Protein chains: 2
Amino acid sequence: MTTPRRAPGGFPVVGIVGGGQLARMCAGPAAELGLTLSVLAEGPDASAALVVPSSPVGEHTDAEAVLAFAAACDVVTFDHEHVPADVLAELVASGVPVHPTPEALRFAQDKLAMRERLTALGVPCPRWVRADTAADVEAFAAQVGWPLVAKTPRGGYDGKGVAVVASAAELTGWLARAQEAGTGLLLEEKVPFRRELAVLLARSPSGQAAAWPVVETVQTDGICTEVLAPAPDLDPDLSARAVEAGLRVAGELGVTGVLAVELFEVVGADGEASFVVNELAMRPHNSGHWTMDGAVTGQFEQHLRAVLDLPLGDPTPRAPWTVMANVLGGEYPDLYPTYRHVMARDPGAKVHLYGKDVRPGRKIGHVNVSGDDLADLRERAGHAADYIQGVVTE
Amino acid sequence: MTTPRRAPGGFPVVGIVGGGQLARMCAGPAAELGLTLSVLAEGPDASAALVVPSSPVGEHTDAEAVLAFAAACDVVTFDHEHVPADVLAELVASGVPVHPTPEALRFAQDKLAMRERLTALGVPCPRWVRADTAADVEAFAAQVGWPLVAKTPRGGYDGKGVAVVASAAELTGWLARAQEAGTGLLLEEKVPFRRELAVLLARSPSGQAAAWPVVETVQTDGICTEVLAPAPDLDPDLSARAVEAGLRVAGELGVTGVLAVELFEVVGADGEASFVVNELAMRPHNSGHWTMDGAVTGQFEQHLRAVLDLPLGDPTPRAPWTVMANVLGGEYPDLYPTYRHVMARDPGAKVHLYGKDVRPGRKIGHVNVSGDDLADLRERAGHAADYIQGVVTE
């Protein structure tokens, strides 16, 4: 079936452009809420296409495919941020509600636009500049020092499109491509952060918003590998200011659906902790996978409620601590035997797999563990994720 | 798509015969576990068919349809207990693992067989007898008094096939049909119970078993309308004996998958509480819907793990109390507006809907609420379920 079959009772169809794991993880909550999903999938074996009956195949860059898909939906949202502006414009013109809107989504698609807007709002950011030439790079480095961080404004994810560079020469290729595309590069100071945090919240078109507690995220080679919820030993005042900034960004940018605000926690010369914003994502986010088992309302349910302008659910944690560890592809394509082992070793581990082919370093699943003892939970989640991917540490 | 598309990594396909809400509620856990579901559905709009990509349409009484369906599955299980013995026998002969096995399932399909077996095992039952004639009925009534409970041995559910009768004359029609079918009727004493309880557990083919806490179930007109988990003020010794009986029944009968043992709690002349077994069900059960939000491992995930002989998950509750209230069909076919109201009034209510047409008295969903204050939870769950079905009590 490639067109959505409506449930009786007046329940809407939610269309998701993109068939990755974020769309897939909406399937369970949608079924429970009585909603119908439809996914515009990259192929018949896309992660979400394996579990959603209505999964027409089409490219998110193909306006005709996107419009035909959207015509059967009551609202359209996204698995990723890569739908081009012209396709988004046609989608909106077709009359279907789109959440997040293209106006908001622009600030997640274009990191230069995001930096301009957040700076105008007074939201703390690393020092940054747009660079078009090597001279721009040298001038910025003279201010903030080497190394610095260069980012392609569009299309990056999971550490792709981000480079830490120690000389302008390293950016020769990037600058040439940016000049050709007319986009410029985003340069940022390399922030000497203590750790990374994330604010996750949802906002509905009516303006209702609900935030989960601030979490700590652990990145390995640019990929989120572990999340501690809530962030341990976080100053309550800093936590409140971070959530307030997230809610203000959501409101000012008109975000609808889930918003993730990735932060660096920095410690000043006076020993005071503060934060700067690293990235924005306007969709369910890796930093929120813990909520599937660790909060009364998980991020996938909340995203569906938000884009439908339904009242939001309670984001309160269900346990003192939840730890999420990502499962990355390793050397072994067959996960089923290692997964059995993890289930036997840890009956409380919540294993989530995405139905994806194993490729080294690819996100193929995650494990959540909730409880009272943070150190124990980290050990358990980490062991489970490692073992599934074929890393045996003991 | 009517054949299951396998996920990579060696993950199996679980086939479920029957496309009702029990099959539907396996969809979310299956997706998270990385498994593929396939459902033999009553029609394209069956509850589970709306959310499972592989949902061929076929009758559970049609051996050809069941065998063709099962050929694409690694294990077959059931949404209900109505698959005929001859179809089950062909299914087993085809070589696909079937859980629960026909040998075990017989004791859930045939209440006379169940009473015989439990009595032989020494598991407490109401006094009972097989009746084929009005004289049999009179003789049993002389022992246990009027009224008594008559049950058709096969095919009953939700109060159907059960009658409380005050004279043999009321059973004239049932006796004639039972005689024609050669099945006899099951007669039971009408147990003067204090309340109804249920033991829910899962058992795997390897013999691993895990039980959730004993719950109290509230029936209205023979339909479960509310579950309190765990059962309030239950004597710990009685609870332990009930769980032990459930585990013993599961082991002795060779049950695989989820087993629900419905109990009456009775109080003796000495004031001591004890129990007798009312019914068995070998599948996820209404008395276990609370586990979806209220336990570390929900019954639908556990059933999938059990029938695949995967290690079982932790059945520990996530909160001191969880209350489940069933949503029954009322007068209004459009649920979406009332559901919005419930979400707005109670952000912590977990609403589960089955994608079914509203018919008066039909189970169309349920609501779970977890927390510390049982009285408050009962009010919240009850209000939410009432309001969705169109009953406004305040």
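The chains referred to below are lettered A, B, ... by the order of the sequence lines, with proteins before strands, and numbering in each begins at 1. Predicted model only: the values in this text are computed from it and were never measured.
A salt bridge links Glu301(A) and Lys350(B); the closest N-O separation between the charged side-chain nitrogens and carboxylate oxygens is under 4.0 Å.
Ranked by heavy-atom pairs shorter than 4.5 Å toward chain A, the options His341(B), Arg318(B), Arg6(B) are led by Arg318(B). Heavy-atom pairs under 4.5 Å with chain B peak, among Met25(A), His352(A), Met343(A), at Met343(A). With respect to chain A, the highest number of heavy-atom pairs below 4.5 Å among Gly28(B), Gly10(B), Pro337(B) belongs to Gly10(B). Note on Val296(B), Thr36(B), Leu35(B), Ile364(B): by heavy-atom pairs under 4.5 Å with chain A, the leading option is Val296(B). Between chain A and the residues Ala27(B), Pro12(B), Ala210(B), the most heavy-atom pairs under 4.5 angstrom are made by Pro12(B). Chain B forms more heavy-atom pairs under 4.5 Å with one residue of Val342(A), Asp346(A), Leu335(A) than with any other, namely Leu335(A). Interface summary for chain B: among Gly355(A), Ala31(A), Ala344(A), the most heavy-atom pairs under 4.5 angstrom belong to Ala31(A).
Rounding to the nearest 0.5 Å places OG of Ser54(A) at 11.5 Å from CG of Leu50(B). Taking OG1 of Thr297(B) as the reference point, atom CG of Asp293(A) lies at 9.5 Å (rounded to 0.5 Å).
Within the 4.5 Å cutoff, the side chain of Asp45(A) has heavy atoms near those of the Arg5(B) side chain. A heavy-atom distance below 4.5 Å is not found between the side chains of Pro8(A) and Lys356(B). Between Leu310(A) and Tyr336(B) there is a side-chain heavy-atom pair separated by less than 4.5 Å.
There is no contact between Tyr354(B) and chain A, counting heavy-atom distances below 4.5 Å.
Of the possible polar contacts, one joining the Arg340(A) side chain to the Asp309(B) backbone as a donor-acceptor pair under 3.5 Å is found. A donor-acceptor pair under 3.5 Å links the side-chain atoms of Tyr339(A) to the main chain of Leu33(B), judged by distance alone.
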